[in-house]
Engineer: 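Quick one: the structure is below, questions incoming.
Lettering follows sequence order; numbering is per chain, from 1.
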Protein chains: 2
Amino acid sequence: MFSKACTYAIKAMILIKSCNEDKKCSLQEIAKGINSPSAFTAKILQQLRKKGLLVSTIGAKGGFQIPPKKQICLLEIVEAIDGKGLIESCVLGLKKCSSLNPCPVHEKYQNIKNEMLKFMMESSLEDYTEKIKNRTITLK
Amino acid sequence: MFSKACTYAIKAMILIKSCNEDKKCSLQEIAKGINSPSAFTAKILQQLRKKGLLVSTIGAKGGFQIPPKKQICLLEIVEAIDGKGLIESCVLGLKKCSSLNPCPVHEKYQNIKNEMLKFMMESSLEDYTEKIKNRTITLK
DNA sequence: TGTAATTCGGATAATTTTATCCGAATTACA
DNA sequence: TGTAATTCGGATAAAATTATCCGAATTACA
């Protein structure tokens, strides 16, 4: 469904959002907080930054933050890391699949695509910060 | 969502089902019919055979068939190639994710899992053979 | 002003997935 | 009975994904 890189990205973003408000979140805190390999995670954070989903500050006491006032949903994160394929491509990999030239599952799969789209658009980072703090959900 | 191998498997099985009834379907026919690399496809067909989803006959005029009288749904094919991960594993990759110890999306993702499960269980190979013959759906 | 903490980016390595090659065995049939 | 068509399985290669390493640059702060 999602690449491993993408699952790291989602978890990292949720963690950063919930640790922010006041402070920045360092790579090491993130990697520990989501149980991911830190060097690999660093690459992913850079991708997110370049897409504008994160801001970073270099140097001692530096770290990552969700851009202030920006509201981010899961879809943006998924698209930033895995691209639009999940939503836009044929699930059977056909280049020319469309409603005029459908693959076998084209029609039935629309429902699932729509469900996924709804799910990813409706889930925004702040939805989770309370629960992370309460420890009613986990990231590792 | 599905591995490339799995998409080949699904398309191959649909093709074999629709070409069978009478005759066997050779590797070359399959690879052409679904536009896949034939040597790689051969490996996948072997996996399907070992899981009992295909039978094969060796030698000239040999080929592959869906086991007579056996009804096969997409879920069986997906599980045979990609394993049960899609349905059973946490979508964020957490080893210990459960309703007691949920990841952030655990609950909302249940809906999608259920939709996917329903979709894959309800779609069986014979559903497509008519449409393949009519050419109202395509495999490449 | 020096040092430690940190992000950044390039290079490389390991692992997994996808793909190719080839020789052996089997079978239909001319 | 010989040959062509075919499946089968092992070995290898290529490509993509995941992961590690390291040196450079920046910054806080003692």
Side-chain angles (χ1 to χ4, degrees), chain A residues 1-12 16 19-20 23-67 78 80-83 85-86 89 92-93, chain B residues 1-12 16 19-20 23-67 78 80-83 85-86 89 92-93:
Chain A
M1 165 106 317
F2 302 136
S3 71
K4 223 167 171 184
C6 189
T7 68
Y8 293 152
I10 293 170
K11 290 181 279 189
I16 295 166
C19 116
N20 278 170
K23 76 191 218 328
K24 294 156 200 160
C25 200
S26 79
L27 173 63
Q28 293 315 318
E29 291 176 294
I30 296 166
K32 268 196 179 162
I34 70 173
N35 193 30
S36 67
S38 73
F40 187 48
T41 305
K43 304 293 187 196
I44 296 162
L45 297 176
Q46 290 308 311
Q47 291 185 63
L48 293 167
R49 182 178 63 83
K50 285 167 186 164
K51 300 270 184 175
L53 299 183
L54 275 182
V55 291
S56 62
T57 44
I58 270 181
K61 304 264 170 172
F64 296 87
Q65 283 175 291
I66 306 297
V78 171
I81 304 298
D82 283 351
L86 183 62
S89 300
L92 296 184
Chain B
M1 164 108 315
F2 302 137
S3 71
K4 223 165 170 185
C6 190
T7 68
Y8 294 152
I10 292 170
K11 289 181 281 188
I16 295 165
C19 116
N20 278 170
K23 76 189 214 336
K24 294 157 201 159
C25 200
S26 79
L27 172 62
Q28 292 316 318
E29 290 177 295
I30 295 165
K32 268 195 181 161
I34 69 173
N35 192 31
S36 66
S38 74
F40 186 48
T41 305
K43 304 293 186 195
I44 295 163
L45 297 176
Q46 289 307 311
Q47 290 184 62
L48 293 167
R49 183 178 61 84
K50 285 167 186 166
K51 300 270 183 175
L53 300 183
L54 275 180
V55 293
S56 62
T57 45
I58 271 181
K61 305 263 170 173
F64 296 88
Q65 283 175 291
I66 305 298
V78 172
I81 303 299
D82 283 351
L86 184 61
S89 300
L92 296 185

Engineer: Closest approach of Leu53(B) and Pro67(B), non-hydrogen atoms and distance?
Structural biologist: O-CD, 3.2 Å
Engineer: What is the separation between atom CZ on Phe40(B) and atom C1' on dT17(C), rounded to the nearest whole Å?
Structural biologist: 7 Å
Engineer: Specify the residue among Thr57(A) and Lys43(A) whose closest nucleotide of DNA chain C lies further upstream toward the 5′ end.
Structural biologist: Thr57(A)
Engineer: Mind calculating the distance between CD (Glu29(A)) and P (dT6(C)) to the nearest angstrom?
Structural biologist: 8 Å
Engineer: Whole angstrom is fine here: how far is it from NZ in Lys61(A) over to P in dT27(D)?
Structural biologist: 16 Å
Engineer: Could you pick out which residue, Ser38(B) or Gly59(A), lies toward the 5' side of DNA chain C when each is mapped onto its nearest nucleotide?
Structural biologist: Gly59(A)
Engineer: Rounded at 0.5 Å granularity, tell me how far CG in Asn35(A) sits from OH in Tyr8(A).
Structural biologist: 8.0 Å
Engineer: If I take atom CD in residue Gln46(B) and atom C1' in nucleotide dA25(C), what distance separates them, rounded to the nearest angstrom?
Structural biologist: 13 Å
Engineer: Using atom NZ of Lys24(A) as one end and atom P of dC8(C) as the other, report the distance to the nearest whole Å.
Structural biologist: 12 Å
Engineer: Compare side-chain N and O positions of Arg49(A) against OP1 and OP2 of dT7(C) and report whether any pair is under 4.0 Å apart.
Structural biologist: no
Engineer: Tell me what Leu45(B) touches on the nucleic acid: a base, only sugar-phosphate, or nothing, going by heavy atoms under 4.0 Å.
Structural biologist: nothing
Engineer: Can you tell me how far apart CG (Leu45(A)) and CD1 (Ile30(A)) are? Round to the nearest 0.5 Å.
Structural biologist: 5.0 Å
Engineer: Report the base-pairing partner of dG23(D) (Watson-Crick or G-U wobble, both distances below 3.5 angstrom), or none.
Structural biologist: dC8(C)
Engineer: Taking the side chain of Ala39(B) as heavy atoms from C-beta outward, which of dT20(C), dT7(C), dA5(C) is closest to it?
Structural biologist: dT20(C)
Engineer: For dA13(D), give its Watson-Crick or G-U wobble partner with both distances under 3.5 Å, or none.
Structural biologist: dT18(C)
Engineer: Output the single nucleotide from dT7(D), dC8(C), dA4(D) whose closest atom is nearest the side chain of Ile58(B).
Structural biologist: dT7(D)
Engineer: Please tell me which of the listed nucleotides, dT7(D), dA19(D), dA19(C), lies nearest to the side chain of Phe64(B)?
Structural biologist: dT7(D)
Engineer: dT18(D) P sits how many Å from Asp82(A) CG, rounded?
Structural biologist: 8 Å
Engineer: Kindly point out which of dA19(D), dT6(D), dT18(D) is positioned nearest to the side chain of Ser26(B)?
Structural biologist: dT6(D)
Engineer: Would you confirm whether Asp82(A), through its side chain, and Phe2(A), through its main-chain N or O, come within 3.5 Å as a donor-acceptor pair?
Structural biologist: no
Engineer: How long is the line joining CD1 of Ile44(A) and C1' of dC8(C), in whole Å?
Structural biologist: 15 Å
Engineer: Minimum heavy-atom separation for Ala80(A) to Gln47(A), with atom names?
Structural biologist: O-OE1, 4.3 Å
Engineer: Quick check: closest heavy atoms across Lys24(B) and Thr57(B), and the distance to 0.1 Å?
Structural biologist: CD-OG1, 3.2 Å
Engineer: Counting only side-chain nitrogens and oxygens, does Tyr8(B) get under 4.0 Å of the OP1 or OP2 atom of dA19(C)?
Structural biologist: yes
Engineer: Taking the side chain of Lys4(A) as its heavy atoms from C-beta onward, which of dT7(C), dT18(C), dA19(D) lies nearest to it?
Structural biologist: dA19(D)
Engineer: Looking only at the side chain of Ser3(A) (C-beta and beyond, no hydrogens), which of the listed nucleotides dT18(D), dT18(C), dA19(D) gets closest?
Structural biologist: dT18(D)
Engineer: Distance check needed: dC8(C) P versus Gln28(A) CD, whole Å only.
Structural biologist: 14 Å
Engineer: Should dA30(C) form a Watson-Crick or G-U wobble pair with both distances under 3.5 Å, which nucleotide is its partner?
Structural biologist: dT1(D)
Engineer: Looking at every strand, decide which applies to Ala42(B) at a 4.0 Å heavy-atom threshold: base, sugar-phosphate, or nothing.
Structural biologist: nothing
